Amino acid sequence: MNPSTDAEKKPSPEPASAPSNFIRDAMIRDLETKKYGDAVIQTRFPPEPNGYLHIGHAKAICLDFGLADEFGGKTNLRFDDTNPEKEEQEYVDSITKDVRWLGFEWDGLYYASDYFDQLYQWAVKLIQDGKAYVDDLTAEQIRQHRGTLTEPGKDSPYRNRPTEENLDLFERMRKGEFPDGSRVLRAKIDMASPNLNLRDPVMYRILHAEHHRTGNKWCIYPMYDYAHGQSDSIERVTHSMCTLEFEDHRPLYNWFIQQLGIFPSQQFEFDRLSLTYTLLSKRKLLKLVQEKYVNGWDDPRMPTLSGIRRRGYPAEAIRNFCAAIGVSKTSGSLELAMLEHYIREDLNKRAPRVMAVLRPLKIVIDNYPEGQTEEVDAVNNPEDESAGKRKVPFSKVLYIEQDDFREDPPKQYYRLSPGREVRLRYGYFITAKSVVKNDKGEVVEVHCTYDPATRGGNAPDGRKVKSTIHWVSAAHAVDAEVRIYDKLFTKEDPNQLEDGQEFTANLNPNSLEVIAQAKLEPSLANAPVEARYQFERLGYFCVDPDSKPGRPVFNRTVALKDTWAKVEKKSEKK
RNA sequence: UGGGCCGUCGACUAAUGGUAGGUCAAGUGCCUUUGGAGCACUUUGUCUAGGUUCGAAUCCUAGCGGCCCAGCCA
């Protein structure tokens, strides 16, 4: 051995660092120029508690928490609860649970409603400075005065009210002297601005509604634009990430901060996640739940975090996915296949393998001794030796997958068929000899012979067999319900509609198939809820909370890649 | 149509005036007691036209295309 060979060896390459992005670049720059002095990076995740978090929020969460963490910074969880009519404690609870499930822990937990007093005082200051006024116009009149995309707006007749009158009216708004909708507080900016958000935006509206946290203390509530930037500022957020549609709001965000002379948080906008065959609109997801197109927010077909958790998607896989997709200002739509890849990649490493037959076909091994049972060794995870082995019972009568037998096999079909020998995984080689059919002519039973010399799956004479199929011993099988999920929508873009159609027209009628009588190997009898397995040759499955003792319910998380399905599809086309 | 933002393989995303790279998808082969996984290889891209420059995906100009904004929602 020449020692110099080792000396010349290159050091192992740096671990692939996450791809750069424009927000990280801004953080690096701001740190270098000490824009915020010695302060650490401060971010926040600001959900409105008016629905459940979904996979799109996961992208934002990973960004907010991930980027701050990368630079030794901090992240707050802040509920943007400025609209009491839509917000509920149930959503607050689900959101905190989902953020933790995803794997993140916040530094501060806040609510925009924590700042209602401060926000009110700042509004008074803006009135005193002649920067805000009470407007008596109706909502409809305000809309008419706003102008259009191409025409400037008109000043409200109340725009130049004396300061004292504004102060008085605003205080009386707060005290509850006026009915809902009768007046608003507006910022005095520019009714002719080409940016409609600057045409005297509403800061406060009157809403005699009970708030989930402040109860009946307030009957005026700040609008998003008046609350968000200042909330960031109060928390000394340095980098405030949000989605692209808020770009037009940034001048307003900055305007309030400048007028008030408070901590200069800066907003950065990125493209929201969009996935093929899925909808990520809270309004539409709510409709699916309320009108029972799905079975609740955590229906495994839903893109909600609670849905995909129940479906069996691991949090780590979601995080890997979010890291891989990057962040940019380009609006696009990601292929669902990319998400599924990261789910499979994760589960392949961690999920124990197990045998389960979804659509059972009875196999009788004619030359196997009646009443005999033996136990064969099975590997728990070929990707992970430490997962060990288990025993699986084998006997004369077995179930195999209906798909794994063809009386008249097509070309390239390697599985069981009359006269053909295949391997039963970890069991024996068997050869199909004859079939039993029912009245309809369907095969209901296949009689086979086995070769006792092939125990464990190897032939001493070295003969090969083209395929290996999975099986379950009939006498030992556990009955289970298995739920097979498919895409919730039939179109890549569920929003693509014919005239007059609603998005529900694109719902996939076959998104859920319930298999009532699947047969599982006995080791699965007491599998705990949320446990994840690979059913060999089928896919990844996890235990659903609907499971009852002795009758587990499994959800299919994602199917295995299926080369045979591709081959079949191709030959169909020919 | 006023304003804002954005155009890089089929999809997503790097390259920050100096070799257009990665992941997914697709395809081919190897391997295989999962038609799984893995491994190797391959295909496909800078919206267009000008300009600046030794050199442009990157800077400038003009087009073209897409997304967002007229809630007292966020």
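No experiment lies behind these values; they were computed from the predicted model shown. Order of the sequence lines sets the chain letters (A, B, ...), proteins ahead of strands, with each chain counted from 1. Values below: every heavy atom of this structure, side chains too, minus hydrogens, waters and symmetry copies.
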For this session: Compare the minimum distances between each of B/G35, B/C67, B/G36 and the side chain of A/S331, then state the nucleotide with the smallest one.
Result: B/C67
For this session: May I ask you to say what A/L137 touches in the nucleic acid, namely base, sugar-phosphate or nothing, with a heavy-atom cut-off under 4.0 Å?
Result: base
Problem set entry | Side-chain (A/R161) to main-chain (A/V134) donor-acceptor, under 3.5 angstrom | yes
Exercise. Heavy atoms under 4.0 Å, any strand shown: does A/H470 hit a base, just sugar-phosphate, or nothing?
Worked result: nothing
Exercise. Out of B/A74, B/C72, B/G35, which has the shortest distance to the side chain of A/H249?
Worked result: B/A74
Exercise. So which one's nearest nucleotide on RNA chain B is more toward 5', A/L244 or A/Y204?
Worked result: A/L244
Exercise. To the side chain of A/T468, which of B/A74, B/A14, B/G35 is closest?
Worked result: B/G35
Exercise. Between the main-chain N or O of A/Y115 and the side-chain N or O of A/Y110, is there a donor-acceptor pair closer than 3.5 Å?
Worked result: no
Exercise. Under 3.5 Å, side chain of A/T454 to main-chain N/O of A/F429, donor-acceptor pair present?
Worked result: yes
Exercise. Which listed nucleotide (B/C12, B/G35, B/G7) is nearest to the side chain of A/D562?
Worked result: B/G35
Exercise. Under 4.0 angstrom, heavy atoms only, what part of the nucleic acid is A/I469 near: base, sugar-phosphate, or nothing?
Worked result: nothing
Exercise. When the nearest nucleotide of RNA chain B is assigned to A/D81 and to A/F22 on a heavy-atom basis, which residue is associated with the more 5' position?
Worked result: A/F22
For this session: Output the single nucleotide from B/G36, B/A14, B/C12 whose closest atom is nearest the side chain of A/R353.
Result: B/G36
For this session: Could you please name the option among B/C5, B/G71, B/A74 that lies closest to any side-chain atom of A/R146?
Result: B/G71
For this session: May I ask you to list the residues of residues 377-386 of chain A, by number, that have any heavy atom positioned under 4.0 Å from an atom of RNA chain B?
Result: A/P382, A/E383
Problem set entry | Reading 5' to 3' through nucleotides 25-32 of chain B, protein heavy-atom contacts under 4.0 Å coded B for base, S for sugar-phosphate only, - for none | SSSS----
Problem set entry | Check: B/G71 base within 3.5 Å donor-acceptor of A/R143 side chain | no
Exercise. A/E401 CD to B/G36 C1': how many Å, rounded?
Worked result: 15 Å
For this session: Provide, to the nearest angstrom, the distance between the CZ atom belonging to A/F268 and the P atom belonging to B/C6.
Result: 14 Å
Exercise. What stems, by residue range, does RNA chain B take part in, given at least 3 consecutive Watson-Crick or G-U pairs under 3.5 Å?
Worked result: B:2-7 with B:64-69, B:10-13 with B:21-24, B:26-30 with B:38-42, B:47-51 with B:59-63
For this session: Just do the side chain to side chain contact (heavy atoms under 4.5 Å, CB included) check on A/K329 and A/D271 with the steps written out, would you?
Result: CA-CA 5 Å; A/K329 293 177 83 82; A/D271 182 41; 6.0 Å; no
Exercise. Taking N and O atoms by type only, does the side chain of A/D248 place a donor or acceptor under 3.5 Å from a partner on the base of B/G3?
Worked result: yes
Exercise. Between the base of B/U1 and the side chain of A/T148, is there any donor-acceptor pair under 3.5 Å?
Worked result: no
For this session: Ignoring hydrogens and angles, answer whether the base of B/U13 and the side-chain atoms of A/N21 contain a donor-acceptor pair closer than 3.5 Å.
Result: no
Problem set entry | Atom pair distance, as rounded to whole Å: CD1 in A/I325 and C1' in B/C24 | 12 Å
For this session: Can you figure out which of B/C68, B/C67, B/A70 approaches the side chain of A/E245 most closely?
Result: B/C68
Exercise. More than 12 heavy atoms of other residues, nucleotides or ligands under 6.0 Å from NZ of A/K466: is that the case?
Worked result: no
Seminar exercise, completed: From the candidates B/U34, B/G2, B/U13, the one with an atom nearest any side-chain atom of A/S328 is B/U13
For this session: Verify, without hydrogens or angle tests, whether A/R420 (side chain) and A/R415 (backbone) share a donor-acceptor contact under 3.5 angstrom.
Result: yes
For this session: Just compare B/U23, B/U34, B/C69 and give me whichever is closest to any side-chain atom of A/Q534.
Result: B/U34
Exercise. Can we call the ring centroids of A/H211 and A/F116 under 6.0 Å apart?
Worked result: yes
